[in-house]
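Input: a single structure, listed below in structure tokens.
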Amino acid sequence: MKDSLKIVGTAIGWYTDEDGNKLHYTEKKNAIVTVGFDFVRRAIADSSRPSVMKYVAIGAGSSATSVSMTEMEDEGNRVEGTWEFAEDGKSFTITAVFPRNSITKPIQEAAVFNSDVGGIMFDRAVYAEAIPALPNLEFTQTIKFELA
């Protein structure tokens with residue numbers, strides 16, 4: 001029997017208008033970066049565990065994700081997210097809401113960090129097309145991780 005652990009992530013983002021309608025909905029598979037895998041290793045096996053991954057960042061960067069990245073290409077906003085855990089124990093989602101009047105750049109990249117500034121970047125997703133900056137609307141970014 002061969003055992004393995006794989007983490008697959010999907011970033012999903014959208015604006016919500018005053019009537020609750022989702023606008024500019026988009027999703028993209030993400031890539032776990034090398035420092036993200038190191039974070040998992042240290043969280044499981046190191047007595048000096050790193051801080052919790054609880055911040056979601058969005059930005060305007062459009063280059064492909066390299067596993068050697070340690071930060072976003074062009075970060076615009078970062079807020080604390082909320083985790084939800086599926087009952088099957090194999091998936092979990094972090095959701096962050098960026099308030100109205102906070103979005104100043106188009107959104108094309110998203111990532112999860114363990115600090116409100118700097119910190120360890122776990123993953124990064126780059127949307128195929130930029131979501132326009134609509135500062136008058138609330139923006140929601142979720143990133144779902146599935147263990148396989």
Side-chain angles (χ1 to χ4, degrees), residues 1-73 75-100 102-103 106-131 134 137-148:
M1 179 170 92
K2 181 180 175 185
D3 287 332
S4 64
L5 176 64
K6 182 177 178 181
I7 302 173
V8 178
T10 305
I12 304 166
W14 68 90
Y15 283 105
T16 305
D17 69 13
E18 295 78 15
D19 298 322
N21 299 309
K22 290 181 180 179
L23 307 172
H24 297 283
Y25 179 93
T26 190
E27 61 182 83
K28 176 76 167 78
K29 294 289 184 194
N30 70 6
I32 308 299
V33 295
T34 301
V35 293
F37 280 116
D38 185 58
F39 175 89
V40 172
R41 178 198 58 82
R42 291 187 313 132
I44 293 171
D46 196 328
S47 61
S48 59
R49 293 194 167 139
S51 301
V52 173
M53 291 282 174
K54 64 179 182 177
Y55 297 93
V56 177
I58 54 175
S62 61
S63 67
T65 300
S66 165
V67 295
S68 65
M69 295 178 98
T70 59
E71 59 188 28
M72 295 175 73
E73 182 180 6
E75 184 174 333
N77 304 68
R78 190 184 299 195
V79 299
E80 187 171 335
T82 303
W83 284 102
E84 291 182 38
F85 303 95
E87 289 189 26
D88 67 4
K90 294 184 178 181
S91 64
F92 46 105
T93 303
I94 188 167
T95 300
V97 177
F98 296 83
R100 286 175 170 73
S102 69
I103 306 298
I107 302 161
Q108 195 156 6
E109 62 181 332
V112 176
F113 287 85
N114 74 334
S115 178
D116 61 344
V117 176
I120 298 169
M121 181 171 74
F122 185 66
D123 68 318
R124 180 172 178 260
V126 178
Y127 295 124
E129 293 184 26
I131 302 167
L134 300 173
L137 297 179
E138 177 180 275
F139 184 77
T140 302
Q141 177 67 61
T142 68
I143 301 179
K144 180 178 182 179
F145 298 98
E146 298 176 274
L147 303 175

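Please read all numbers here as calculations on a predicted model, not as lab measurements.
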Taking the side chain as C-beta and beyond, is there a heavy-atom pair between [X] and [Y] under 4.5 Å?
X	Y	value
Ile107	His24	no
Ile120	Arg42	yes
Phe145	Ile32	yes
Asn77	Phe139	no
Ile103	Ile58	yes
Val97	Glu138	yes

List, one per line, each side-chain donor-acceptor pair under 3.5 Å for residues 5-14, sequence neighbours excluded.
from  : atom 1 : to    : atom 2 : distance (Å)
Thr10 : OG1    : Lys29 : NZ     : 3.2
Trp14 : NE1    : Thr16 : OG1    : 3.4

Test your reading of the model: is there a side-chain donor-acceptor pair from [X] to the backbone of [Y], 3.5 Å cut-off?
X	Y	answer
Glu75	Gly59	no
Arg78	Gly118	yes
Arg41	Asp46	no

Intermediate values then yes/no, side chain to side chain contact (heavy atoms under 4.5 Å, CB included), Tyr55 and Val117:
CA-CA 9 Å; Tyr55 297 93; Val117 176; over 6 Å; no
Can you see which heavy atom on [X] is nearest to which on [Y], and at what distance?
X	Y	result
Thr34	Ser68	OG1-N, 4.4 Å
Ser51	Asn114	O-CB, 3.3 Å
Met121	Val33	O-CG2, 3.2 Å
Trp83	Lys54	NE1-CA, 4.1 Å
Met72	Ala57	SD-CB, 3.3 Å
Phe98	Gln141	CE1-CB, 3.9 Å

Counting only heavy atoms not in Glu18, do more than 12 sit closer than 6.0 Å to its CD atom?
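Counting other residues, nucleotides and ligands, CD of Glu18 exceeds 12 neighbours.
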If you count every heavy atom of other residues, nucleotides or ligands that lies below 6.0 Å from Glu80 atom CD, does the total exceed 12?
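Yes, enclosed.
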Starting at [atom1] of [X], measure out to [atom2] of [Y] and round the result to the nearest 0.5 Å.
X	Y	atom1	atom2	value
Arg49	Ile44	CZ	CD1	8.5 Å
Asn21	Leu137	CG	CG	10.5 Å
Glu84	Ser91	CD	OG	10.0 Å
Glu73	Glu109	CD	CD	6.0 Å
Ile143	Asp123	CD1	CG	4.5 Å

Would you please name every residue forming a side chain to side chain donor-acceptor pair (under 3.5 Å) with Ser47, sequence neighbours left out?
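Result, side chain to side chain donor-acceptor pair (under 3.5 Å) vs Ser47: none returned.
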Between Phe39 and Phe122, how do the two ring planes meet: parallel, tilted or perpendicular, split at 30° and 60°?
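If you compare the ring of Phe39 with that of Phe122, the planes turn out perpendicular.
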